[in-house]
Amino acid sequence: MRVMHVLKTVSKAAPTSLHRSASKTSTRGRKSPVQRATAGAITITHADRVVYPGESITKGDVAAYYQRVMTSLLPNVVKRPLSVIRCPEGARNTCFFQKHPMGGLHHVGTIELKEEKGSLATYMYAKNASSILELVQFGAMEFHVWSTRIDRLETTDRVVFDLDPSPRVTWERIVAAARLLKVQLDELELTSFVRTSGGKGLHVVLPVNPACSWDLVKDFSHAIATRMATGQPQEFVDTASKTKRAGKIYVDYLRNTRGATSIANYSLRTRKNAPVATPLRWEELSKIEGGDAFTIRSLPRRLSRLRKDPWENIDSVKQTLSAAMKKLEVGA
DNA sequence: GAATACA
DNA sequence: TGTATTCAACGCATA
DNA sequence: TATGCG
Ligand SMILES: [Mn+2]
Ligand SMILES: [Mn+2]
């Protein structure tokens with residue numbers, strides 16, 4: 001069984017189905033009945049190729065995973081500039097970060113946008129399930145999004161605090177860091193959300209609605225990061241240097257700049273056990289084992305168990321940074 | 001993984 | 001037709 | 001200007 005057809009989603013209510021074809025010769029010569037019958041579907045070639053060697057997880061498993069989580073993945077991905085990490089020969093071989101579209105894509109949106117140097121470049125964005133699955137066919141494993149939307153690139157609707165621990169920081173300290181951050185945001189009357197990164201750390205994310213300037217989210221998140229690093233210098237740093245980070249947690253506020261990306265909810269990571277960046281309820285943090293607690297194996301079970309996405313209401317929250325920013329300036 | 005160059 | 005080669009990012013901060 | 005970093 002070496003090719004697989006992944007059908008387009010018909011509607012949110014109807015789950016997608018997945019067809020496997022055992023035919024190896026059908027791809028040669030005239031189009032086979034199978035290919036013709038699945039017009040509009042995405043073909044996954046080399047579905048049996050092992051892409052996570054330690055776990056014997058195949059490219060077909062990755063496609064099936066993304067199909068399974070699709071209705072949860074898409075809301076926070078669609079119509080946002082999208083980059084991928086591709087590993088055409090598996091997570092243990094050469095992987096690369098890709099932001100520009102490659103030849104052969106038919107279901108991925110493209111947008112010309114101005115880069116920092118002033119020139120235009122073409123970026124990708126997901127339009128629907130087919131966009132994601134086509135990128136999987138091209139070897140995409142991880143999905144990274146901008147904190148903005150393609151129809152209003154100069155404003156942002158997210159603040160992302162990326163808590164990046166040095167290797168020896170314990171999980172308990174990372175959880176404490178996220179909770180401390182939440183308390184500070186609560187005091188500023190800002191609602192925040194938390195997710196595992198799929199790596200070692202956590203992300204704390206707040207919606208900004210209506211969307212605001214890049215300058216404002218950067219200044220705000222920088223001010224918070226600096227306050228944490230100043231208040232508890234034994235625990236936090238606000239610069240990326242690994243040397244200065246030793247034994248501490250880097251509060252990475254630089255996700256909050258035009259062109260920066262963050263891992264998308266429900267994206268896999270190219271790490272051992274195929275972990276998933278997983279949105280959580282704050283109350284769950286006490287029983288989570290680590291930033292890689294949910295994996296390609298366990299996440300679908302979690303999804304079946306939950307009645308709604310923990311971040312379901314993120315875009316219903318109306319809040320801005322202006323009042324909070326003023327309080328910070330006064331307190332500084 | 002796909003496009004290209006070449007045997 | 002088969003096989004080898006090449007390519008697939010960018011912006012910020014710091015030193 | 002050249003890395004380190006995500
Ligand atoms: Mn991180
Ligand atoms: Mn290859």
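Keep in mind that what you see is a predicted model, and the values were worked out from it rather than measured. Order of the sequence lines fixes the chain letters, A, B, ..., with proteins taken first and strands second; residue numbering starts at 1 for each chain. Just the heavy atoms: all of them, side chains too, but no hydrogens, waters or symmetry mates, feed the values below.
- A heavy-atom distance below 4.0 Å to DNA chain B is reached by these residues of residues 83-102 of chain A, ordered by number: R86(A), P88(A).
- Side chains of D238(A) and T226(A): a donor-acceptor N/O pair is present below 3.5 angstrom, by distance only.
- The residue G259(A) sits apart from the nucleic acid: no heavy atom pair falls under 4.0 Å.
- At a threshold of 4.0 Å, the pair R258(A)-E116(A) does not count as salt-bridged, since none of the basic side-chain nitrogens sits closer than that to a carboxylate oxygen.
- Between the side chain of Y66(A) and the backbone N or O of M141(A) there is at least one donor-acceptor pair closer than 3.5 Å.
- Aromatic ring orientation, Y253(A) versus H222(A): parallel (interplanar angle below 30°, classes split at 30° and 60°).
- Checked for salt-bridge contact, D315(A) and R158(A) meet the test: a charged N lies under 4.0 Å from a carboxylate O.
- Look at CG on D162(A): it is 11 Å from C1' on dC5(D), rounded to the nearest Å.
- As rounded to whole Å, 17 Å separates atom P of dA8(C) from atom CG of L135(A).
- Look at CG on L113(A): it is 11 Å from C1' on dC10(C), rounded to the nearest Å.
- Here R269(A) does not pair with D292(A) in a salt bridge; the nearest charged N to carboxylate O distance is not below 4.0 Å.
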So which protein nitrogen or oxygen atoms get under 3.5 Å of nucleotides 3-5 of chain C's nitrogens or oxygens?
none

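- Atom pair I44(A):CD1 and dA2(B):P shows a separation of 10 Å (rounding to whole Å applied).
- If you take CG of L105(A) and P of dA2(B), they are 9 Å apart, rounded to a whole angstrom.
- Neither side chain, E154(A) nor S213(A), offers a donor N or O lying under 3.5 Å from an acceptor on the other.
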With 3.5 Å as the limit, what N/O pairs link the protein to nucleotides 12-15 of chain C?
{"residue": "dA15(C)", "atom": "OP1", "partner": "K244(A)", "partner atom": "NZ", "Å": "3.2"}

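- No donor-acceptor pair under 3.5 Å is formed between the side chain of S119(A) and the backbone N or O of E115(A).
- Here the separation of dA9(C) from dG4(D), taken at their C1' atoms, is 15 Å to the nearest Å.
- With 3.5 Å as the limit, one finds no donor-acceptor pair spanning the side chains of H107(A) and S131(A).
- When the C1' atom is compared between dC10(C) and dA2(B), the two are found 23 Å apart, to the nearest whole Å.
- For the pair D164(A) and R255(A), the salt-bridge criterion is not met [side-chain N within less than 4.0 Å of a carboxylate O].
- A donor-acceptor contact shorter than 3.5 Å links the side chain of T58(A) to the backbone of A47(A).
- Atom P of nucleotide dG6(D) and atom NE2 of H203(A) are separated by 11 Å, given to the nearest angstrom.
- Residue R255(A) places none of its side-chain N or O atoms closer than 4.0 Å to OP1 or OP2 of dC5(D).
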